Chemist: 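Let me give you the structure first, and then I'll get to my questions.
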Amino acid sequence: MNRVATVNRVALVTGAARGIGAATVRGLAASGWSVVAVDLASDDPRLPYPLGTADELHAVVDSAGGGVVAHVADATDPEALGGAVSRAEELFGGLDAVIAAAGVIAGGVPLWEMPEAQLRAVMDVDLGGPLTAARVGIPALLRRPMPREGRFIAVVSAAATRGLPGLAAYSAAKAGVAGLIRGLAVDLRATGVTAVGVSPGSTATAILDESARLYGLEGAQAFAAQVPVERLLAPEEVAAALVWLAGPETGGITGTVIPVDGGLSL
Ligand SMILES: NC(=O)c1ccc[n+]([C@@H]2O[C@H](COP(=O)([O-])OP(=O)(O)OC[C@H]3O[C@@H](n4cnc5c(N)ncnc54)[C@H](O)[C@@H]3O)[C@@H](O)[C@H]2O)c1
């Protein structure tokens, strides 16, 4: 059987300034990957909470060690994200994994009461981001010579399969990403590139803090009670699954979304 080396693999990660994306960059780097760490690194004027910053993005790169570069880009903009893909190929010689982790949250009210701009932000980033990552990133994965072990991975959400109050748009976007993963897996037939999703539950990040605010809760810790493990997950726990899935040994998994949610989706 042809084997693909586990070292010298190259990844592009969106949403890399903080939370799950940042933990994934650190996890990949610790496993010897080279990484282009992409983030918008500025706020989205359509949303009422702050996004990751350039300082945070650079701190992630510094803490991850050599072989990781920061790249500021809007994950929904094909040209900007294409620049990050080119950077990976120019700096590191190719691309083996695209991990679409950038995401936002908005809602807290029934869909019909949600401001149009917030609805657009959720659909653009949470569904449009992975669509863009697939369209711009997969051609680079396919530029690796055969035999290849390429990975397109999207961060989905337990909201893709559960109706959560006030989060219909977020649920729609994330369910769309689960459909995207299924469709891509079929389009990628026999290419050596797979498409998978990871579905986190309540994970201690800024998105969960914002969710708590949307629900009028005192803090994100309140979400722990609804999860069978009765605690919030750490971003590193979700990242561990993403790093594993990115590796060359997971070529038998495609078209599916794996929950890393402490049992939230049960
Ligand atoms: N935290 C949870 O409980 C939870 C649960 C389920 C799913 N998720 C998903 O996990 C992913 C990561 O979120 P997180 O929890 O780490 O939140 P986070 O807010 O800490 O991180 C999201 C990152 O995405 C970046 N980003 C937002 N819009 C962007 C854009 N247009 N282009 C580039 N970067 C952009 C932000 O700047 C931020 O750094 C998201 O897709 C989110 O929907 C999180």
Side-chain angles (χ1 to χ4, degrees), residues 12-26 36-47 49-60 70-78 80-81 83-84 99-107 120-133 136 153-162 164 167 169-171 173-178 197-214 220-224 226-227 231-239 241-242 257 259-262 264-265:
L12 183 156
V13 179
T14 71
R18 68 185 188 194
I20 292 167
T24 303
V25 171
R26 288 194 210 95
V36 176
V38 177
D39 205 279
L40 183 63
S42 61
D43 290 342
D44 186 326
R46 300 170 296 186
L47 296 170
Y49 73 102
L51 299 185
T53 65
D55 283 352
E56 286 173 311
L57 182 61
H58 289 292
V60 171
H71 193 98
V72 173
D74 183 341
T76 70
D77 177 343
L81 200 62
I99 302 181
V104 297
I105 197 149
R120 287 265 56 94
V122 167
M123 297 311 290
D124 286 354
V125 182
D126 292 334
L127 178 56
L131 281 168
T132 303
V136 170
I153 308 174
V155 179
V156 192
S157 169
T161 50
R162 280 191 70 180
L164 300 174
L167 292 179
Y170 185 74
S171 278
K174 292 295 189 178
V177 178
V198 166
S199 224
S202 297
T203 308
T205 72
I207 275 188
L208 201 66
D209 293 340
E210 176 62 5
S211 306
R213 193 190 68 78
L214 292 174
Q221 199 54 43
F223 289 110
Q226 68 181 8
V227 192
R231 63 177 178 82
L232 303 184
L233 299 188
E236 288 73 18
E237 295 180 273
V238 181
L242 291 163
V257 177
V260 181
D261 64 2
L264 178 63
S265 55

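Each ligand, and each atom within it, is numbered from 1 in the order the structure gives. Side chains are part of it too, since the values below use all heavy atoms of this structure and drop only hydrogens, waters and symmetry mates. Being a predicted model, the structure only gives us computed values, none of them experimental.
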Chemist: Leu51 to ligand 1: N or O pair under 3.5 Å?
Modeler: no
Chemist: May I ask which of Gly19, Ala54, Ala75 has a heavy atom nearer to atom 32 (N) of ligand 1 than the others do?
Modeler: Ala75
Chemist: Please could you name the atoms of ligand 1 that Gly52 approaches to less than 4.0 Å, counting only its heavy atoms?
Modeler: 36 (C), 37 (O), 38 (C), 39 (O)
Chemist: Examine ligand 1 and decide if any of its atoms is less than 4.0 Å from a heavy atom belonging to Val156.
Modeler: yes
Chemist: Report the nearest protein non-hydrogen atom to atom 37 (O) of ligand 1: residue, atom name, distance rounded to 0.1 Å.
Modeler: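 Going atom by atom, the protein heavy atom closest to atom 37 (O) of ligand 1 ends up being Asp39 OD1, 2.7 Å.
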Chemist: At what distance is the nearest protein heavy atom to atom 22 (C) of ligand 1, and which residue and atom is it?
Modeler: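 Looking at atom 22 (C) of ligand 1, the protein heavy atom closest to it is Gly103 O, 3.7 Å.
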Chemist: Set out, in order, the CA-CA distance, both residues' side-chain angles and the distance that settles side-chain contact (heavy atoms from CB on, under 4.5 Å) for Val125 and Leu40, then state yes or no.
Modeler: CA-CA 11 Å; Val125 182; Leu40 183 63; over 6 Å; no
Chemist: Would you call Asp124 and Arg46 a side-chain contact if the rule is heavy atoms closer than 4.5 Å?
Modeler: yes
Chemist: Hey, does Pro235 sit under 4.0 Å from ligand 1 if you only count heavy atoms?
Modeler: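 Contact absent.
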Chemist: Enumerate the atoms of ligand 1 whose separation from the nearest heavy atom of Ala206 is less than 4.0 angstrom.
Modeler: 19 (O), 20 (O)
Chemist: For ligand 1, is there an atom lying under 4.0 Å from some heavy atom of Ala23?
Modeler: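 So Ala23 does not count as touching ligand 1.
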Chemist: Is there a polar contact, in the sense of an N or O pair closer than 3.5 Å, between Val38 and ligand 1?
Modeler: no
Chemist: Against ligand 1, does Tyr170 come closer than 4.0 Å with any heavy atom?
Modeler: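 The answer is yes: ligand 1 sits under 4.0 Å from a heavy atom of Tyr170.
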Chemist: Check this for me - ligand 1, Ser202, N or O atoms closer than 3.5 angstrom, yes or no?
Modeler: no
Chemist: Any N or O on Thr203 sitting closer than 3.5 Å to an N or O of ligand 1?
Modeler: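 Yes, there is a polar N/O contact under 3.5 Å.
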Chemist: Do ligand 1 and Arg18 have nitrogen or oxygen atoms that lie under 3.5 Å from each other?
Modeler: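 Looking only at distances, the answer is yes, because the N/O contact criterion of under 3.5 Å is met.
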Chemist: Among all the protein's non-hydrogen atoms, which is closest to atom 24 (O) of ligand 1, and how far away is it?
Modeler: Gly15 CA, 3.4 Å
Chemist: Is there a donor-acceptor pair closer than 3.5 Å between any side-chain N or O of Asp43 and the backbone N or O of Leu51?
Modeler: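 Yes; judged by distance alone, with no hydrogens or angles, the pair exists.
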Chemist: Test your reading of the model: is there a side-chain donor-acceptor pair from Lys174 to the backbone of Thr161, 3.5 Å cut-off?
Modeler: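 Between the backbone of Thr161 and the side chain of Lys174 there is no qualifying donor-acceptor contact (under 3.5 Å).
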Chemist: Mark the output for Ala101 as yes if a heavy-atom distance to ligand 1 is under 4.0 Å, and as no if none is.
Modeler: yes
Chemist: Report yes if the side chains of Ile105 and Tyr49 come closer than 4.5 Å at any heavy-atom pair, otherwise no.
Modeler: yes
Chemist: Just let me know how Ala159 lines up against ligand 1, side chain, backbone, both or neither, with a heavy-atom cut-off below 4.0 Å.
Modeler: neither
Chemist: Starting from atom 15 (O) of ligand 1, locate the nearest protein heavy atom and write down its residue, its atom name and how far away it is, to 0.1 Å.
Modeler: Thr205 OG1, 2.6 Å
Chemist: Check ligand 1 against Ser157 and write out every atom of the ligand that is under 4.0 Å from a heavy-atom position of the residue.
Modeler: 6 (C), 7 (C)
Chemist: Considering only non-hydrogen protein atoms, determine which one is nearest to atom 17 (O) of ligand 1 and report residue, atom name and distance to 0.1 Å.
Modeler: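 Result: Ile207 CG1, 3.3 Å.
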Chemist: Report yes if Lys174 has an N/O atom closer than 3.5 Å to an N/O atom of ligand 1; otherwise report no.
Modeler: yes
Chemist: Starting from atom 35 (C) of ligand 1, what is the nearest protein heavy atom, named by residue and atom, and what distance separates them?
Modeler: Ala102 CB, 3.6 Å
Chemist: Check whether any side-chain heavy atom of Arg26 lies under 4.5 Å from a side-chain heavy atom of Val60, and answer yes or no.
Modeler: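 Yes; the side chains approach each other to less than 4.5 Å.
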Chemist: Quick one: nearest non-hydrogen protein atom to atom 28 (N) of ligand 1, plus distance?
Modeler: Val125 CG1, 3.6 Å
Chemist: With only distance considered, is Ala41 within less than 3.5 Å of ligand 1 through an N or O on each side?
Modeler: no
Chemist: State, to 0.1 Å, how close Ala159 and Ser171 come at their nearest heavy-atom pair, and which atoms those are.
Modeler: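 Closest pair (atom of Ala159, atom of Ser171, distance): O-OG, 2.8 Å.
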Chemist: At a 4.0 Å cut-off, with the gap strictly under it, does some heavy atom of Ser42 reach an atom of ligand 1?
Modeler: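 Per 4.0 Å heavy-atom rule, Ser42 does not contact ligand 1.
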Chemist: Okay, side chain of Thr14, backbone of Ala102: is any donor-acceptor separation there less than 3.5 Å?
Modeler: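 It does hold such a pair.
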Chemist: Would you say Tyr49 and ligand 1 have an N/O pair spaced under 3.5 Å apart?
Modeler: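 For ligand 1, there is no N or O atom that lies under 3.5 Å from one belonging to Tyr49.
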Chemist: Quick check: Val104 and ligand 1, any N/O pair under 3.5 Å apart?
Modeler: no
Chemist: Regarding ligand 1, does Leu208 bring an N or O atom to under 3.5 Å of one of the ligand's N or O atoms?
Modeler: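 No, since none of the N or O atoms of Leu208 sits under 3.5 Å from an N or O of ligand 1.
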Chemist: Nearest non-hydrogen atom to atom 34 (N) of ligand 1 belongs to which of Thr24, Leu40, Asp74, Leu232?
Modeler: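 Closest candidate by heavy-atom distance is Leu40.
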Chemist: Passes side-chain contact (heavy atoms from CB on, under 4.5 Å), Asp209 versus Arg213? Steps please.
Modeler: CA-CA 6 Å; Asp209 293 340; Arg213 193 190 68 78; over 6 Å; no
Chemist: If you have a sec, work out which protein heavy atom is nearest atom 5 (C) of ligand 1 and how many Å separate them, to one decimal?
Modeler: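 Looking only at protein heavy atoms, the one closest to atom 5 (C) of ligand 1 is Gly201 O, 3.1 Å.
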